[in-house]
Amino acid sequence: MFATSIIAKKRDSQRLTGEEIRFMVEGFVAGAIPDYQMSAWAMAIVCRGMEVDEIAALTDAMLTSGVRMGRTHDRPRVDKHSTGGLGDKVSLVLAPLLACFDVDVPMLSGRGLGITGGTLDKLEAYSGFNCHLSQPQIDRQLDRIGCVIAGTTADIAPADRRLYALRDVTGTVPSIALITSSIMSKKLAASLDALVLDVKFGSAAFMRDLNQARQLADSLCATGQRFGVATRAVLSDMNQPLGRMVGNACEANEAVQVLQGAGPADVRELTLHLSAELLVAAGKFADCELARLALVEALTSGRALARYQAMIAAQGGQFNPQLELAPSSTLTAPSGGWLQQVDGQQIGQTVIGLGGGRMRLEQPIDHTVGLEMMVRIGDRIESQQPLVRIFARSPQAAERAATEILAALTMAEKPVAPLPLIHSL
Ligand code: URA
C-alpha cells in the first residue's frame, strides 16, 4: 500500500477501505507518513467527504492509536460533549448532578482555545484545582464520588492529537468526517454506555447554521451507535452567550447558582435537558419527564452541589461559591430599541482581549475577568439601561471592551422574537 495512491483515491471521490484508513493513521503516528502527505489526505477528506463506514474506520483507527479507560465496576458510564461556545458552563453542573443517580461520569475535557471557553480553565478558577489526573486517580475518584472532570491523558487517541494540530494549521478543521472521528475517538476511549452531544449552532459556534449542525449531529450519533454507545444529540442555539456570565470565575460562580437550584433559565434548561436524555439512555428512567423531576429535586435539595464540592475538594481545589472577580464597570445603552443580534465572535474576542481566553494553548489566562450579559436577543431596551457588566483589570481594558461590545450588539426599532434554545434533530 502507498500513501500517494490512498490520497489520490480520496481526491477522486472513491471510498477507502478500513485497511487503507488504518494504514494512513498508523503510518502517521509511527512517523512513516510525513505531515505533508497527511495534510493532503485531510484536505481530500475535507473536499470529498467520507461515508459512514469510512468515518467509523477512521474513528476506530484513532481510538486504537491509544488506550481505552478500564471499567472498575458495573455502574453505567455516561458523558456529555459540547461542540463549544460562549458561556457554556453546563459540564460543571451536569457531571455532579448526574453522579447523584448512581452513574459514573468520567468527563475528559479541554482548555479554551479561540473564542470557545474550556471547562478545565473554569475549574482552575478554584485555587489548587488539579486537572492532571492519572488513570488510577480517575478510577478512585469515580468510585468515591461518581464524577471527575480532568484533562485528556497523553495516551488517549494520540493520533487525534497529532492530526488535530496539523488540521489546525492547514485549513482542514471544517469537515464532518474529521470532526466526528476526532470527537468520537476521544469519547469512545472513556468506555461509555451513553453519550449526549450538545451540537451548537450560531454566531458564537463552530457550526454557523442549523443545517450544518444537524449533519454533524447525525454523523456523531451514527458513529456512536456503531460502537455500541447509546448516543443522542441535541441542537442548541449559540447566537448569544449561554447564561449571563462569560469568563472563567464568572462562569464557575454561575454554575454554582444553578447547582443551588437557581441561575439563568437557559443554563438550567439545557443542563436538565441533556441530563435527562442521558439518564434515560442509561436506563435509569423510563422517560425524560420522570428524569427531569428527579434532576430538579437533586438541584433544589443541595445533593448536586454537595457532589460538586466533593469533586472540587477531591481534585485539590478550594471551593468558594462566589469567587472573586476583577473590578467591574457597567456599559449602558446609548439608545432604546430591541436587541436583534449579538456578534458572538466579537464578544469572544473581547473576553480574550480582557485576558480571559487564549489564542495559543500555552498562553496564561486571567480567571477573574469576563462579562455579564444583562440583556438577551428579543429584549426591549430603554436608553441608558445597563447592557453588560465588564470585569476588567484596568479602566483602559474596560473602556476598550465597552467599545467592542457596543459594536457587537445590533439593535432594531421594531420588536424582535426571542430565539428558541433547543431544536430537535
Ligand atoms: N473538537 C474536536 O475535538 N475535534 C475537532 O475536530 C473539532 C472540535
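Start at 1 and go down the list; that is how both ligands and their atoms are numbered.
Remark: distances from the non-hydrogen atoms of I179 to ligand 1 include one below 4.0 Å.
Between R48 and D12, none of the side-chain N atoms (NZ, or NE/NH1/NH2) sits under 4.0 Å from a carboxylate O, so this pair counts as no salt bridge. With respect to the salt-bridge test (charged N to carboxylate O, under 4.0 angstrom), the residues R22 and D60 do not qualify. A salt bridge links D193 to R71: one of the charged nitrogens lies within less than 4.0 Å of a carboxylate oxygen. R77 has no carboxylate O lying under 4.0 Å from a charged side-chain N of D79, or vice versa, which leaves the two without a salt bridge.
The protein heavy atom nearest to atom 3 (O) of ligand 1 is K186 NZ, 2.5 Å. Atom 8 (C) of ligand 1 has as its closest protein heavy atom F206 CE2, 4.1 Å. Remark: minimum distance from atom 1 (N) of ligand 1 to any protein heavy atom is reached at I183 CG1, 4.0 Å.
Polar contact check, R167 against ligand 1: a nitrogen or oxygen pair lies under 3.5 Å apart.
Because its NZ or CZ atom is not both nearer than 6.0 Å to the ring centre of F285 and within 45° of the ring axis, R292 does not count as a cation-pi partner of that residue.
Listed by number with element, the atoms of ligand 1 under 4.0 angstrom from any heavy atom of Y164 are 4 (N), 5 (C), 6 (O), 7 (C). Close contacts of ligand 1 with S182, meaning ligand atoms under 4.0 Å from a residue heavy atom, involve 2 (C), 3 (O), 4 (N), 5 (C), 6 (O).
Put simply, CG on N239 and CZ on R376 are 10.5 Å apart, with the number rounded to the nearest 0.5 Å.
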